[in-house]
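So the structure is just underneath, and the comments pick up after that.
Within every chain, numbering begins at 1; the chains are lettered A, B, ... in the order of the sequence lines, protein sequences first and strands thereafter.
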Amino acid sequence: MPIRIYSTLTRQKEEFQTVEPGKVSMYLCGPTVYKPAHIGHMVGPVIFDTIKRYLAYSGYQVTWVVNITDVDDKLIVKANELGTTVEALARKMTEDYLDNLRTLGVDGIDHMPYATQYIAEMQEIIAGLIEKGYAYPLNGDVYFECTKDADYGKLSGRNLTEMLAGTRAETRDGKHNPADFALWKGSKPGEPAWDSPWGPGRPGWHIECSAMARKLLGDTIDIHGGGLDLMFPHHENELAQSESCTGKPFARYWLHNGLLRKSSGGKIGGDHSRHGDARSSVAELVRVQSDEASSSPVRSLTTSATNSTDMMAEKQAQEEQKLAGSKGAESVKTAVFAKFDPETVRFFLMATHYRSPVDFGDDRLEETAKSIDGFYRLIESFTRVTGQDFYALPTPRTRAEAVGWDSVPTKVGAETVVAETNSNVGTESQPTFEAELVVLRTRFLDAMDDDFNTGAAVGALFDLRKTLNGFITDHKLETDGKSNAAAVTTLIRGVTLFKELSNLLGVFLKPIAKKASSGADDEFVNGLMQLLITLRADVRKAKQFEIADKIRQGLTELKVTLEDRPDGTIWRRDV
RNA sequence: GGCGUCGUAGCCAAGUGGCUAAGGCAACGGAUUGCAAAUCCGUCACGCGUGGGUUCAACUCCCACCGACGCCUCCA
């Protein structure tokens with residue numbers, strides 16, 4: 001089954017065909033780094049990280065670029081407010097952004113270009129556009145003339161003449177028409193500026209992405225992504241500039257992810273910041289200034305948190321917590337990661353369709369946390385039965401490597417081959433189980449092929465969990481595993497499949513610290529728990545269930561769950 | 001006002017012009033357990049906002065209406 005992708009440009013799903021066979025170039029609009037990242041900023045990266053994982057799994061060599069906008073009006077304003085420099089603020093906020101991406105397991109980004117390092121490339125495009133008559137200088141600025149671009153508006157479905165008809169406003173500043181946007185902005189004194197043929201200034205927002213995408217990925221890229229809110233004007237303008245400049249299609253597929261909404265309503269990270277909420281800067285102010293003071297401008301957020309500034313970090317957290325009460329979007333760290341495991345957040349994002357808007361709130365995440373708990377139970381069960389570390393299981397990284405799944409087509413570049421058949425499928429030992437695995441695997445991959453339908457894929461994952469648990473139950477592997485080597489081998493095969501598929505979504509890649517079961521990082525706690533469990537086992541043996549239940553009840557109140565299994569009691573801390 | 005998206009069970013959420021409309025949470029039965037927990041089995045939308053239309057057949061296509069939302073403002 002070929003991969004199909006919905007493109008905003010054509011408003012339909014299209015078969016995925018890359019510019020270069022076997023290779024994919026992918027560009028995602030990154031953040032303007034003027035304040036700490038909020039959860040909304042994480043959506044695109046998580047989705048495209050998953051897309052990259054899947055394309056790589058499908059045999060493509062993927063190059064993924066996410067830009068950092070480190071020069072912009074907002075940055076200038078905010079830096080002035082904080083009494084710091086644009087560079088320092090940008091560096092700080094970039095580190096925060098990256099830190100959060102790492103936390104969410106987004107590790108597939110190949111290049112993170114900074115806009116300020118591509119000024120020459122931007123100027124080259126601007127000069128070209130002027131030369132071709134698509135742009136005109138004006139009092140130190142340079143504007144793109146929308147009316148010169150015949151198909152301007154094709155991405156967002158806007159009609160330029162209608163747009164212009166709607167605006168009666170005078171064209172300010174001598175622009176040829178109101179829709180014209182800045183490619184280059186002449187600088188005012190004190191603002192960051194670069195020399196240019198049109199005078200000192202800085203690039204417009206849209207040109208940054210055009211230049212970086214072109215420089216790093218070429219004139220035509222395969223996939224261009226971003227939030228739905230960027231479709232107009234940002235992507236429209238990017239497209240207009242790039243195609244006017246090169247005369248080639250800018251991107252083959254335009255992917256737009258839906259935006260997060262607060263459960264209570266309203267978009268996360270909405271327009272509140274426009275009202276100059278000085279309060280929202282308090283936390284950053286503390287942070288930036290403390291770094292400046294230390295005369296070590298390259299210190300990162302992470303390093304500053306590791307030394308003796310714990311108190312300060314706590315203070316910052318408190319400040320940020322206050323923001324929660326105000327209207328601005330909260331930073332991911334304080335609003336989300338403080339309460340939920342990043343894996344829960346990622347799974348939540350995977351459980352719905354990337355193009356849909358999603359209500360984001362604590363109750364939703366709590367539900368997700370409950371729903372994925374069973375996966376951790378399965379992983380623990382697997383380890384008990386096989387003695388193997390789930391996270392160390394070798395798994396195929398591409399469909400081509402995943403041999404043995406009868407008649408599952410394997411995508412290699414542009415051509416389709418069929419994986420070799422496996423003699424194990426359909427043997428008398430586990431016919432139904434093996435067959436079920438094949439069906440579930442196909443369901444999962446078909447869903448992903450269909451415009452990266454992670455929601456449907458997650459459904460297959462839940463069914464796979466049930467199938468695996470059922471196999472363990474049916475064969476009594478928790479108790480008789482040692483005497484049934486064949487079944488254990490089959491289980492390993494099934495669990496390996498589960499790992500292979502779930503890893504494509506970027507989940508269950510590594511152990512979750514908080515989910516430590518029957519073993520805390522603290523030996524003292526471990527010792528106490530073992531003591532309690534032993535004592536409780538003794539009184540249970542003596543049928544003194546009241547005492548046993550009292551112990552269990554007391555532990556429950558401490559958020560510790562006991563499970564009395566046939567082969568002993570295990571405990572788990574629910575954080 | 002212009003452009004666009006969406007409305008599937010108590011909640012969240014996939015999906016399809018025609019077999020029994022995924023999955024999760026919650027709930028309820030049963031197995032298991034001293035009781036729990038975990039796990040397994042079972043139940044849980046004769047219907048997919050409302051009203052029309054096209055069709056042999058629509059929840060899926062078309063129209064209208066109601067409702068929610070997004071963009072049109074350098075927000076991922």
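Side-chain atoms of A/S356 lie closest to B/A14 of the nucleotides B/A14, B/A76, B/A36. Here B/A14 is the nucleotide among B/A14, B/G24, B/A26 with the atom lying nearest to any side-chain atom of A/T352. Among B/A22, B/C40, B/G15, the nucleotide with an atom closest to any side-chain atom of A/R443 is B/A22. With B/A76, B/A26, B/A36 as the choices, the nucleotide that has an atom nearest any side-chain atom of A/D564 turns out to be B/A36. Listed nucleotides B/C75, B/A38, B/U16 differ in distance to A/H41; the shortest reach to its side chain belongs to B/C75. With B/G15, B/C25, B/C75 as the candidates, the nucleotide lying closest to the side chain of A/W205 is B/C75.
Remark: B/A58 base-pairs with no nucleotide; criterion is Watson-Crick or G-U wobble with both hydrogen-bond distances under 3.5 Å. Nucleotide B/G1 forms a Watson-Crick or G-U wobble pair with B/C72, both donor-acceptor distances falling under 3.5 Å. B/G67 is paired with B/C6 under the criterion used here, namely a Watson-Crick or G-U wobble arrangement in which both key atom distances are under 3.5 Å. Taking a pair to require two hydrogen-bonding distances under 3.5 Å in either a Watson-Crick or a G-U wobble arrangement, B/G47 remains unpaired. With a 3.5 Å ceiling on both atom-pair distances, B/U20 lacks any Watson-Crick or G-U wobble partner. Under the Watson-Crick or G-U wobble criterion, with both distances below 3.5 Å, B/A37 has no partner in any strand shown. B/G42 and B/C28 make up a base pair, with Watson-Crick or G-U wobble contacts both under 3.5 Å.
Residue A/L562 is classed as a base contact, given a heavy-atom separation below 4.0 Å to a base. Base contact: A/G455 has a heavy atom under 4.0 Å from a base atom. Residue contacts shown for A/N453 are limited to sugar-phosphate atoms, with no base heavy atom under 4.0 Å away. The residue A/I472 sits apart from the nucleic acid: no heavy atom pair falls under 4.0 Å. Within the 4.0 angstrom heavy-atom criterion, no nucleotide atom of any strand lies near A/H206.
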From CA spacing to verdict: salt bridge (Lys or Arg N to Asp or Glu O under 4.0 Å), A/K35, A/D96: CA-CA 9 Å; A/K35 62 179 182 182; A/D96 173 72; over 6 Å; no

Steps toward ring pair (Phe, Tyr, Trp, His ring centres under 6.0 Å) verdict (A/F348, A/F340): CA-CA 11 Å; A/F348 172 78; A/F340 298 97; 9.4 Å; no

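Aromatic rings of A/Y143 and A/F181 (six-membered ring for Trp) have centroids beyond the 6.0 Å cut-off, not under it. Taking the ring centroids of A/H235 and A/H206, they lie at or beyond the 6.0 Å cut-off.
For B/C72, the OP1/OP2 oxygens have no side-chain nitrogen or oxygen of A/S156 closer than 4.0 Å. Between A/N469 and the phosphate of B/C40, there is a side-chain N or O to OP1/OP2 separation shorter than 4.0 Å.
At a cut-off of 3.5 angstrom, counting only N and O atoms as typed in the model, there is no donor on one side facing an acceptor on the other between the side-chain of A/R377 and the base of B/A38. For B/G34, its base sits under 3.5 Å from the side chain of A/D549 at one donor and acceptor pair at least. Remark: the A/R552 side chain and the B/C35 base include a donor-acceptor N/O pair separated by less than 3.5 Å.
Ring orientation note: the planes of A/F498 and A/F390 are tilted relative to one another, at an angle of 30° to 60°.
The aromatic ring of A/F545 sits over the base of B/G34, with ring centres less than 5.5 Å apart and planes inclined by under 30°.
Salt-bridge check for A/K13 with A/D450: passed, with a basic side-chain N closer than 4.0 Å to an acidic carboxylate O.
Put simply, CZ on A/F232 is 17 Å from P on B/A76, counting in whole angstrom units.
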